[in-house]
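Working notes for the structure below.
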Amino acid sequence: MLSLKNITAGYTKENMILKGVNLTVSENEVVALVGQNGSGKSTLAKAVMNMVPHIAGDMYFDGEGILRKDTHAISKKGIGFFMQGGVIFPNLNVRENLTFSGANLKDREFKERWESIKGYFELFNNGRMNLRASYLSGGEQHQLALAMVLMNKPKFMILDEPSAGLSPANVKSLYTALDQIRKNEVNSMLLIEQNVNAAIEFSDRVVLLQEGKIAKEKLSKNLDSSEKIDEFFFGKLR
């Protein structure tokens, strides 16, 4: 569904962060992008959404070129973007956040989407719809941000560090929701994740980004031990 060809991108022309990245994500596939801080993972996500000022190469979604399209147009093509930290409107309540994210939907469409997604998240089962979003816990804010992405029924999702800053219990809850979302809503995703074990368990394929370049990749099912994970990241163990 998503194809990146020789993508070079950065915030200044003199300091490109991505350096010739080639990456594909097929339909019904979750690809996990891992790597150290500063390797360019979040920049790659933002480059797909045309949120980086300097981008060269080619990008295709569903066979259509999207390199020169603006962020709104890319979203309308069907790519949902969960930004690092989870973007919400803290001064609005939960219901208002969802209403804002689904503002382009007709009333009937909005109700249908709400009925479709509300069961994935514990947040919506505890009477907090009128609570200001800033009063939610970190885990609840991530749930809300993810629900907001889903309101527009994306065909593909980019998840940038969805578990960042969450407790182990909240990480488990989040990935339980993502499992259901993958089964019922969106079956193709690019997952950027520092939690390597969560990334491997949830994905079909793991790609390692180092210094703005794809270093290697492997099927997730072949990374089933700590020794194999260490070898993937650091080369063969002595």
Side-chain angles (χ1 to χ4, degrees), residues 1-2 23 25-37 39 41-42 44-45 48 78-88 94 97-98 101 113-114 116-126 128 133 136-209 217-226 228-229 232-233:
M1 294 192 76
L2 179 69
L23 178 68
V25 183
S26 300
E27 188 172 1
N28 197 28
E29 181 183 37
V30 174
V31 173
L33 188 68
V34 298
Q36 295 182 344
N37 289 334
S39 61
K41 302 186 302 298
S42 291
L44 187 145
V48 173
I79 300 181
F81 184 25
F82 178 98
M83 294 183 67
Q84 186 173 358
V87 176
I88 61 172
V94 171
N97 270 271
L98 292 166
S101 63
R113 286 307 297 148
W114 170 237
S116 176
I117 69 175
K118 67 180 183 180
Y120 301 133
F121 305 101
E122 296 174 1
L123 170 64
F124 305 131
N125 299 321
N126 59 15
R128 296 197 169 193
L136 299 174
S137 69
E140 289 171 334
Q141 290 186 11
H142 278 218
Q143 290 179 43
L144 176 58
L146 185 53
M148 290 169 66
V149 173
L150 289 173
M151 284 304 298
N152 287 296
K153 203 173 184 178
K155 297 186 289 185
F156 183 94
M157 287 182 66
I158 300 173
L159 303 165
D160 188 5
E161 304 282 6
S163 71
L166 300 185
S167 68
N170 281 327
V171 172
K172 183 177 180 180
S173 178
L174 180 74
Y175 273 96
T176 297
L178 285 173
D179 277 329
Q180 292 301 309
I181 290 165
R182 184 180 184 185
K183 290 175 183 175
N184 301 314
E185 297 282 345
V186 187
N187 61 22
S188 305
M189 304 180 187
L190 176 62
L191 170 66
I192 296 167
E193 184 60 274
Q194 285 285 82
N195 186 328
V196 174
N197 288 327
I200 292 171
E201 185 174 346
F202 187 68
S203 66
D204 300 297
R205 181 160 50 99
V206 182
V207 175
L208 178 63
L209 192 66
E217 62 180 78
K218 200 154 190 169
L219 294 176
S220 302
K221 65 182 180 182
N222 293 333
L223 294 170
D224 57 0
S225 70
S226 58
K228 289 181 179 179
I229 294 171
F232 179 74
F233 276 92

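The first residue in the sequence is number 1, and the count goes up from there.
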### Message
Under a plain distance cut-off of 3.5 Å, with no hydrogens placed, do N170 and S173 share a side-chain donor-acceptor pair?
### Response
no

### Query
Is a side-chain donor-acceptor pair under 3.5 Å present for S42 with Q84?
yes

[atom2] on [Y] to [atom1] on [X], rounded to 0.5 Å:
| X | Y | atom1 | atom2 | answer |
| --- | --- | --- | --- | --- |
| L190 | L2 | CG | CG | 7.0 Å |
| S39 | L208 | OG | CG | 7.5 Å |
| K218 | I200 | NZ | CD1 | 10.5 Å |

Heavy-atom pair of closest approach, residues [X] and [Y]:
| X | Y | value |
| --- | --- | --- |
| V34 | A199 | CG1-CB, 4.2 Å |
| M157 | L146 | CE-CD1, 3.3 Å |
| A147 | L98 | CB-CD2, 4.0 Å |
| R205 | S220 | N-OG, 3.2 Å |
| I158 | F156 | CG1-CE2, 3.8 Å |

### Task
Decide if atom CD of Q194 counts as having more than 12 heavy atoms of other residues, nucleotides or ligands within a radius under 6.0 Å.
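Enclosed.
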
#### Entry: E201 atom CD, neighbour heavy-atom count above 12 within 6.0 Å
no

### Message
Between the side chains of R128 and E122, is the shortest nitrogen-to-carboxylate-oxygen separation below 4.0 Å, so that they form an ion pair?
### Response
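Here E122 does not pair with R128 in a salt bridge, since their nearest N and O are not under 4.0 Å apart.
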
### Query
Salt bridge between D179 and K183, side-chain N to carboxylate O under 4.0 Å?
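Judged by the 4.0 Å cut-off on N to carboxylate O distance, D179 and K183 do not form a salt bridge.
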
### Message
If we check side chain to side chain contact (heavy atoms under 4.5 Å, CB included) with F121, which of these qualifies: I181, L144, L174, T176?
### Response
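Between F121 and the candidates, side chain to side chain contact (heavy atoms under 4.5 Å, CB included) is satisfied uniquely by I181.
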
### Task
Please assess L136 against L123 for the test side chain to side chain contact (heavy atoms under 4.5 Å, CB included), listing each intermediate value before the final yes or no.
CA-CA 9 Å; L136 299 174; L123 170 64; 3.7 Å; yes

Expected output: side-chain [X] to main-chain [Y] donor-acceptor under 3.5 Å:
| X | Y | answer |
| --- | --- | --- |
| N152 | S101 | yes |
| S188 | N28 | yes |
| E140 | S137 | yes |

### Query
Would you say M189 and V31 make side-chain contact, with heavy atoms under 4.5 Å?
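They are not in side-chain contact.
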
